[in-house]
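What follows is a short report on a single structure.
A note on names: the letters A, B, ... follow the listed sequences, proteins ahead of strands, and every chain is numbered from 1. These numbers were taken from a predicted model, which means no experiment stands behind them.
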Amino acid sequence: MSLHIVSKSPFSSTALADCLTSFIEGDALVLIEDGVYALSGALKSQPVVGPVYCLAADAQARGLTIPAAVEAIDDDRWASLCTEHNPIVSWFR
Amino acid sequence: MSLHIVSKSPFSSTALADCLTSFIEGDALVLIEDGVYALSGALKSQPVVGPVYCLAADAQARGLTIPAAVEAIDDDRWASLCTEHNPIVSWFR
Amino acid sequence: MGKRSLALCRQAPYGNALAREGLEAVLAASALEQAPDLLFSGDGVFQLLPGQEPDGIGQKNLQRNLQALPIFDIERAYVCEHSLSQRGLSLDDLATGGPALHPVSDIGKLISSYDTVLSF
Amino acid sequence: MGKRSLALCRQAPYGNALAREGLEAVLAASALEQAPDLLFSGDGVFQLLPGQEPDGIGQKNLQRNLQALPIFDIERAYVCEHSLSQRGLSLDDLATGGPALHPVSDIGKLISSYDTVLSF
Amino acid sequence: MYPATSDTRNQAAMNFTLAVYAAPHASQSAATALRFAQALLRQGHQLYRVFFYCDGVHNGSSLATPPQDETDLLPAWQSLQAEHGLDLVVCIAAAQRRGVLSEAEAKRLERPAANLAPGFELAGLGQLADAVAHSDRLVTFGS
Amino acid sequence: MYPATSDTRNQAAMNFTLAVYAAPHASQSAATALRFAQALLRQGHQLYRVFFYCDGVHNGSSLATPPQDETDLLPAWQSLQAEHGLDLVVCIAAAQRRGVLSEAEAKRLERPAANLAPGFELAGLGQLADAVAHSDRLVTFGS
């Protein structure tokens with residue numbers, strides 16, 4: 001199943017919204033770069049989809065706390081997720 | 001009063017929405033580049049603000065028709081609008 | 001190879017180079033007989049509007065690239081229905097002359113049926 | 001000159017260079033005693049979040065640039081209230097140490113009081 | 001006052017500065033800025049400065065070579081510069097990061113080549129502040 | 001199979017291709033791609049190719065010179081290339097438009113200098129299609 005990678009803020013881009021429209025059972029979502037701002041909004045308490053992963057370094061860079069419902073990951077875990085899923089779909093605009 | 005210039009599609013960027021939040025009586029709006037896609041949505045029939053101008057070349061490039069409530073302009077008219085208003089505020093992301 | 005790939009086209013034409021460079025990548029792959037399928041979604045559906053005349057902004061007409069696709073055996077393309085209705089458009093509003101356009105309601109299911117997705 | 005200018009900061013930090021390059025332009029103007037006022041709106045309010053630690057992504061902390069502003073006589077900055085509430089934030093959630101932050105409800109009125117607006 | 005067309009007769013000529021943040025070919029914005037500059041000059045306005053910042057510094061590259069059937073912005077900026085004595089300033093800090101270097105900068109930074117096109121000059125961010133202070137209007141062309 | 005850490009023991013090594021569309025310094029994405037490439041190699045995976053497309057071609061510029069206190073991606077890509085024999089391909093068409101030229105291209109196009117960094121090579125878009133066909137995974141790093 002697909003691994004979706006979102007790298008833009010949900011407050012200024014429709015990248016996350018478009019991704020969620022394409023999200024189906026069995027898929028997974030990785031928030032990177034400005035995509036981690038979803039943690040301060042839509043995905044704060046109860047994510048609408050799952051599983052949701054978040055690059056810890058990107059959240060830390062931006063002063064965001066990763067909520068319990070989202071799994072903090074490093075680059076190595078991200079790479080592993082990419083081997084466990086296919087295709088890999090980037091949403092960057 | 002301000003001249004607001006919006007250059008991104010309202011369907012994928014919040015540039016237009018952010019601009020409209022900042023729009024006050026006496027301001028004017030110019031749609032350029034992908035900003036002209038507002039003509040196929042929010043600003044199609046009755047624009048929520050006014051006056052609204054649209055670069056004709058950008059609408060024509062994209063196969064869009066400019067509705068009656070929006071004034072089609074060329075670069076020279078755009079330049080004139082910039083002399084008639086101040087400040088000039090660009091909304092491009 | 002038997003691998004199936006999808007080009008996911010989400011950008012409006014002309015405002016930035018991604019729509020054009022995406023189609024160029026698709027044409028290059030097709031010339032090597034590795035044609036991906038195409039899915040237009042989000043602002044990418046605007047690539048399919050008829051009557052584009054970008055001379056006035058000094059750009060080349062992207063629809064020529066679309067019309068070239070059938071030459072490279074890309075006979076059909078998918079269009080996200082949700083994206084169309086969000087933009088007040090229907091299939092009838094889109095241009096013909098390129099590959100046949102097939103509306104898709106569940107693009108998640110479509111995407112997951114491919115081995116590779118190229119996002120543009 | 002007596003001209004009043006405003007730097008409109010609408011970008012989140014780190015994801016693209018505009019937040020940083022905007023602040024650098026503000027600092028350069030301030031060093032020449034032509035300091036603009038600052039308005040943080042949209043994702044620009046995220047520049048003001050405390051506790052940013054960008055070492056892990058190989059970038060410099062932007063908050064140091066913000067903290068340098070008072071040295072250049074930029075004593076206060078405006079923050080769009082609507083942008084804060086859209087993001088579930090309040091003034092209390094923002095970092096101190098830079099210029100004092102003044103919430104603004106009608107940013108249209110604020111913008112129109114300036115001669116020049118630099119968008120970043 | 002330099003009225004150029006009948007449209008502009010009643011208008012006072014103004015001093016404009018353009019801030020260009022977009023690279024050519026990546027975004028339409030650089031081409032829009034050029035057309036806007038041409039319109040201003042056609043109407044008899046003055047361009048105090050064009051300041052290329054952020055990705056806009058790539059407008060000053062002498063190496064960009066678009067295909068023959070695509071618009072090449074570089075010679076258009078250069079001929080506008082030659083004809084009107086335009087001040088085309090590329091931000092030196094933004095250009096250094098992105099690899100747009102004059103001969104002097106290439107030598108100073110010990111880089112193998114220079115690629116700043118004739119007609120453009122590198123200068124500091126202070127030139128943007130100076131332009132804001134000395135222009136009637138500033139128009140930003142974003143990325 | 002080249003297991004590098006205990007985490008990866010149970011995993012089959014895979015062949016990855018990365019498509020990088022973003023220039024360094026303009027967007028975080030180029031730096032993210034580099035870190036991801038390092039993680040893949042650390043885990044014992046293979047990188048079939050890194051394909052630099054769109055604004056990503058600027059990653060291959062030998063002239064970009066970030067300030068000393070900012071990360072310089074170029075030497076990091078080059079040392080990864082040297083160590084692992086990476087295939088760092090810069091799309092020739094996208095690079096030509098944006099002014100990233102090899103010596104041969106600069107001569108052919110009659111441009112005054114070349115700026116393609118050692119370790120990178122220019123090649124056609126077909127190399128992206130080839131990489132898609134020969135890789136287990138493709139990851140796109142957008143702009």
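Between the side chains of F:Thr17 and F:Arg137, not a single donor N or O lies within less than 3.5 Å of an accepting N or O. Counting only N and O atoms by type, the side chains of A:His4 and A:Asp27 include a donor and acceptor under 3.5 Å apart. Of the N and O atoms on the side chains of A:Asp58 and A:Tyr37, not one donor lies less than 3.5 Å from an acceptor on the other residue.
There is no contact between A:Asp74 and chain F, counting heavy-atom distances below 4.5 Å. A:Leu3 does not touch chain F: none of its heavy atoms, backbone or side chain, sits under 4.5 Å away.
When ring centroids are compared, F:Phe36 and F:Phe141 come within the 6.0 Å threshold.
Of the listed residues A:Ala57, A:Cys82, A:Ser90, the one with more heavy-atom pairs under 4.5 angstrom with chain F than any other is A:Cys82. Each of F:Met14, F:Gln38, F:Arg35 has some count of heavy-atom pairs under 4.5 Å with chain A, and the biggest count is that of F:Arg35.
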